[in-house]
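The figures here come from the full heavy-atom set of this structure, side chains too, leaving out hydrogens, waters and symmetry mates. Computed from a prediction, not measured in an experiment: that's the story for all the values here.
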Amino acid sequence: MSSHMQQSQSRSLVDWLSYLEQIHPVNIDMGLDRVGAVARRMGLTRLPFKVITVAGTNGKGSSCAMAASILMAAGYRVGVYSSPHLLRFTERVRIDGAELADSEHCAAFAAVEAARAEIALTFFEFATLAGLWLFCRAAPDVLLLEVGLGGRLDATNVVESDVAMITSIALDHCDWLGDTREAVAVEKAGVYRAGKPAISGEPNPPATIASEAQRLGACLHQVGRDFHGDEHDTSWDYHGLHHWLDLPKPALPLMNAVTVLAALESLGLPLPETAIRQGLAEARLAGRMQRLQTSPLVIVDVAHNPHSAAYLASQLRQIPCQGRRRAVVGMLKDKDMTGSLAELKGLVDEWFLASLDGPRAASAAQLATALGEQGPAATFDGVRAAYRAALAASSPDDMVIVFGSFYTVADVLAASA
């Protein structure tokens, strides 16, 4: 064995992650040439199981959680690839809801390192190839493959999927994906495949979704046209591609549940209605309208753009609060801070604004500028200090809402662990 391979196999997961951050090339072209070349060397472009690729501005994580829950309730073995993680890198690769051991991730990184040789990879590209390698070893029946950024040029798009779905189209990552919904839709629709089902769950679709699906030769199924959901007080009706079902409301966004069911119908695997009902009822996702405690009620949500903040606001309006609502917010400066905070206008009595760490972080002062005249605000050097202050100011009837970024929610989850 070469000394290089011996060194690879003796690295811990912490060592590997540190190494991946160090070798991450600074100037890099977005594209699939490099990651695609390594994927082909490793035999990872055509996987020996069903694959659903999940793209969209918001709702990817919720959609994967609901699809996985339904498939597992039906007795299938399910892999989920997701990003970013909240507390542990190992959250990104799950088999039937369970994370894998650090040692398995280390073996996967060593396999990618050996295969890439002279080819430079970003952190996400390296991690995605390692994830695909792990899924090949685990051999699930279905893999739910969550896109990292965009779709067309994302590392996950090296895989030939059986079904591809788009959850939503909104403006985010404009530097990479374009500053119109039409341009963003072109990037997302890049996951569609010729002759394969292409599901769109965006209720107000830019014309470019249909034109890209047509250009690629994909079979487009559009919400509101080919399938839809009708909401009632305690239940909802799914009018699908082939089925009509009366179902319980999920804890996760109903609009995503509609799209998930259309994708699962398109996959062609038998799914008993009992499994659909059980899977929807049981699906949960960390960091999405997650309740950490009552008295005062603490809710954390990773909403980080106006579209997801609007959904957060709609959910908060349904939760009675006798006392005051306080919001703990930390955001990245490349997000639409003003638009996101404006979505909670009138819902928050006091703001606790926190600076995040890192080059993309917004300072508490920048958040205060974005907030404007929306009510009393205090600024803090970090999320934990802001969270402690919000809790200290709260009585049992009050509510504390933590949102703005995966980093913000992760900090509070770690502090509450």
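- By the 4.5 Å heavy-atom criterion applied to side chains, V298 and L391 are counted as neighbours.
- Residues satisfying the salt bridge (charged side-chain N to carboxylate O under 4.0 Å, His left out) test with E282, not counting sequence neighbours, are none.
- With a 4.5 Å cut-off on side-chain heavy atoms, L280 and I70 count as touching.
- For the atom pair H304 NE2 and T57 OG1, the distance stands at 9.0 Å (nearest 0.5 Å).
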Can you check side chain to side chain donor-acceptor pair (under 3.5 Å) on S200 and Q222, steps first, answer last?
CA-CA 5 Å; S200 169; Q222 174 67 52; 2.9 Å; yes
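- The nearest pair of heavy atoms linking A386 to A354 is CB-CB, 3.9 Å.
- E343 contributes atom CD, which lies 10.0 Å from atom OG of S314 (distance to the nearest 0.5 angstrom).
- Taken to the nearest 0.5 Å, the NZ atom of K345 stands 10.0 Å off from the CD atom of E373.
- Across all non-hydrogen atoms, the minimal contact from G323 to D349 is O-OD2, 4.4 Å.
- S395 and D398 are linked by a side-chain donor-acceptor pair at a separation below 3.5 angstrom, with hydrogens and angles left out of the test.
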Stepwise side chain to side chain donor-acceptor pair (under 3.5 Å) test for T408 and D411
CA-CA 5 Å; T408 308; D411 249 5; over 6 Å; no
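- Without hydrogens or angle criteria, Q290 side chain to G287 main chain gives a donor-acceptor distance under 3.5 Å.
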Kindly determine whether L129 and V35 satisfy side chain to side chain contact (heavy atoms under 4.5 Å, CB included), including the steps that lead there.
CA-CA 8 Å; L129 291 170; V35 67; 3.9 Å; yes
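- Both tests pass for R11 against the ring of Y19: distance under 6.0 Å to the centre and angle within 45° of the axis.
- Taking CG of D301 as the start and OG of S405 as the end, the distance is 11.5 Å to the nearest 0.5 Å.
- More than 12 heavy atoms of other residues, nucleotides or ligands lie within 6.0 Å of CD in E182, so this atom counts as buried by the packing criterion.
- Using a 4.5 Å cut-off on side-chain heavy atoms (C-beta onward), H243 and L271 make no contact.
- Looking only at atom types and distance, the side chain of D15 has a donor-acceptor partner in the side chain of S12 under 3.5 Å away.
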Checking R291 against I319 for the side chain to side chain contact (heavy atoms under 4.5 Å, CB included) test, could you report, in this order, the C-alpha distance in whole Å, the side-chain angles of both residues, the deciding distance, and whether it holds?
CA-CA 12 Å; R291 298 184 180 216; I319 301 172; 3.7 Å; yes
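- For the pair M337 and A362, the tightest heavy-atom approach, listed with the atom from each and the gap, is SD-CB, 3.5 Å.
- Proximity of T53 to Y192: side-chain heavy atoms (C-beta onward) are nowhere separated by under 4.5 Å.
- For the pair K249 and E231, the salt-bridge criterion is met [side-chain N within less than 4.0 Å of a carboxylate O].
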Worked check of salt bridge (Lys or Arg N to Asp or Glu O under 4.0 Å) between R181 and E202:
CA-CA 11 Å; R181 291 178 76 246; E202 168 54 54; 3.1 Å; yes
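- Taking a 6.0 Å sphere around CG of D397, one finds it holds more than 12 heavy atoms contributed by other residues, nucleotides or ligands.
- The number of heavy atoms from other shown groups lying within 6.0 Å of CG (D381) does not exceed 12.
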Stepwise side chain to side chain contact (heavy atoms under 4.5 Å, CB included) check, L47 with F135:
CA-CA 9 Å; L47 303 177; F135 289 121; 5.8 Å; no
Decide yes or no on side chain to side chain contact (heavy atoms under 4.5 Å, CB included) for N305 and D336, but give the supporting numbers first.
CA-CA 6 Å; N305 52 40; D336 180 355; 5.9 Å; no
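- When side chains are defined from C-beta on, R193 counts as touching N157, because their heavy atoms get closer than 4.5 Å.
- In this structure, E146 and T156 approach most closely via the heavy-atom pair O-CG2, 3.6 Å.
- Side chain to side chain, Q22 and S18 meet the donor-acceptor criterion of an N or O pair below 3.5 Å.
- In this structure, F123 and L17 have side chains that are in contact, with non-hydrogen atoms separated by less than 4.5 Å.
- Looking at S62 and P253, their side chains come closer than 4.5 Å, going by heavy atoms from C-beta outward.
- Smallest separation of non-hydrogen atoms from A138 and R77: O-NH2, 3.0 Å.
- In this structure a side-chain-to-backbone donor-acceptor pair under 3.5 Å is present from E91 to R88.
- Once rounded to the nearest 0.5 Å, the distance linking CG of L241 with OG of S266 reads 5.0 Å.
- Atom OH of Y407 sits in a sparse spot, with 12 or fewer heavy atoms from other residues, nucleotides or ligands closer than 6.0 Å.
- When side chains are defined from C-beta on, I276 does not count as touching Y238, because their heavy atoms never get closer than 4.5 Å.
- Side-chain contact check for T259 and N256: no donor-acceptor pair (N or O, by modelled atom type) lies under 3.5 Å.
- Residue L252 comes nearest to Y311 through the heavy atom pair C-OH, 4.1 Å, listed as atom of the first residue, atom of the second, then distance.
- A donor-acceptor pair under 3.5 Å is formed between the side chain of R288 and the backbone N or O of A286.
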